[in-house]
There are 2 protein chains.
Amino acid sequence: MVEQLPISTPLDLVFHALADPTRRAMLHALSNGERTVGELAEPFAMSLAGASKHVKALESAGLIRREVKGRQHLCRLDAARLADAAQWLSFYERFWTERLNVLDALLRQEDVQSDTQGDQR
Amino acid sequence: MVEQLPISTPLDLVFHALADPTRRAMLHALSNGERTVGELAEPFAMSLAGASKHVKALESAGLIRREVKGRQHLCRLDAARLADAAQWLSFYERFWTERLNVLDALLRQEDVQSDTQGDQR
DNA sequence: GCAACACTCAACCAATCGGTTGACAATCTA
DNA sequence: TAGATTGTCAACCGATTGGTTGAGTGTTGC
């Protein structure tokens, strides 16, 4: 059977948006409150139009919302899609906690061995 | 001040790898145990070489490890980088729980109002 | 030994990405 | 009203992506 994948899911857009360090930095800036497009662009060695494209990518991924206020566009974080991404990742949580548990168990076992028999290696 | 971003971080590679539904499906397959490249490729309407490229992308993002066993390449999940991505996302957790808390508070307030005064709208 | 198998690699292709510049639209302010 | 400010849009560019095919490399089993 051949798996039929959808053309482009919201999760595709979210992860793709997060794959760019400029956009991740913009999200981080927005974690401190609303910012205009100009303010979001300012830290980067990039034209305003270039930064505007990144903002648009974040917006169409649903990661930010924009409110046009006069000639300024005020952007604010919308974390719902981030929550979706986190939920997708949480499915795999058992795989890394599992590893940590194994490591923990090994360390404990070593402790017991050194307590009762000393380190024999 | 102009922000200086690194050329390509591990997080870039991880999020980029996760942005493709084929690769996410491959990871899901690997959550059920080791798979060969051929087994990973089988569900998709795609050449083996094409699927092999996806496996390579997952590998260079550090999401899977490969053990060459004769003519087969056995792949298994490596969740450490996924944990990194989850940790990056967890910074924003307060933004979605915050919203849920506000919603929760609003609902509780409505409950109290209907209890003490009836629904006045 | 040889054919089938499992897979990678290189070359190619169209589409997308991340960036630019220049023109434009809307808004604010002097 | 004129000019500065804020931002988008369209066109363009080179690099990358996701896919293909064809050839090549080991490995396995008859």
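What you see below is based on every heavy atom in this structure, not just the backbone, and it leaves out hydrogens, waters and symmetry mates. Just so we're on the same page: letters track the sequence lines, and every chain starts at 1.
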From [atom1] of [X] over to [atom2] of [N], roughly how many Å is that when rounded to an integer?
X     : N      : atom1 : atom2 : result
B:L18 : D:dG18 : CG    : P     : 12 Å
B:Q72 : D:dG26 : CD    : C1'   : 13 Å
A:R35 : D:dG7  : CZ    : P     : 13 Å
A:F15 : D:dT17 : CZ    : P     : 18 Å
B:D12 : D:dT17 : CG    : C1'   : 15 Å
B:F44 : D:dG18 : CZ    : P     : 14 Å
A:K56 : C:dT16 : NZ    : P     : 14 Å
A:H73 : C:dA25 : NE2   : C1'   : 10 Å

For this session: Answer with yes or no after comparing the ring centroid distance for A:H28 and B:F91 against a 6.0 Å cut-off, counting only values under it.
Result: yes
Problem set entry | Residue that, paired with A:E59, satisfies side-chain hydrogen bond (donor to acceptor under 3.5 Å, both in side chains) out of A:R65, A:R66, A:H73, A:H54 | A:R66
Got a list of protein N/O to nucleotides 26-30 of chain C N/O distances below 3.5 Å?
from: C:dT27; atom 1: O2; to: A:R71; atom 2: NH1; distance (Å): 3.3

What heavy-atom pair brings [X] and [Y] nearest, and what distance separates the two atoms?
X     : Y     : result
A:D12 : B:P21 : OD2-CD, 3.5 Å
B:A85 : B:L11 : CA-CD1, 4.0 Å
A:S31 : B:F95 : O-CZ, 3.3 Å
A:S60 : A:L13 : O-CD1, 3.7 Å
B:W88 : A:L27 : CH2-CD1, 4.1 Å

For this session: Examine D:dG7: is either OP1 or OP2 under 4.0 Å from a nitrogen or oxygen in the side chain of A:T36? Give yes or no.
Result: yes
Problem set entry | A:S52 side-chain N/O to D:dT8 phosphate OP1/OP2 under 4.0 Å | yes
What does the list of N/O pairs under 3.5 Å between the protein and nucleotides 19-24 of chain D look like, with a distance for each?
from: D:dG19; atom 1: OP2; to: B:H54; atom 2: NE2; distance (Å): 2.1
from: D:dG19; atom 1: N7; to: B:K53; atom 2: NZ; distance (Å): 3.0
from: D:dG19; atom 1: O6; to: B:K53; atom 2: NZ; distance (Å): 2.2
from: D:dT20; atom 1: OP1; to: B:S47; atom 2: N; distance (Å): 3.3
from: D:dT20; atom 1: OP2; to: B:S47; atom 2: N; distance (Å): 3.0
from: D:dT20; atom 1: OP2; to: B:S47; atom 2: OG; distance (Å): 2.8

For this session: For A:R35, check salt bridge (charged side-chain N to carboxylate O under 4.0 Å, His left out) against everything at least two apart and list the hits.
Result: none
Problem set entry | Other residues, nucleotides, ligands: >12 heavy atoms within 6.0 Å of B:Q87 CD | no
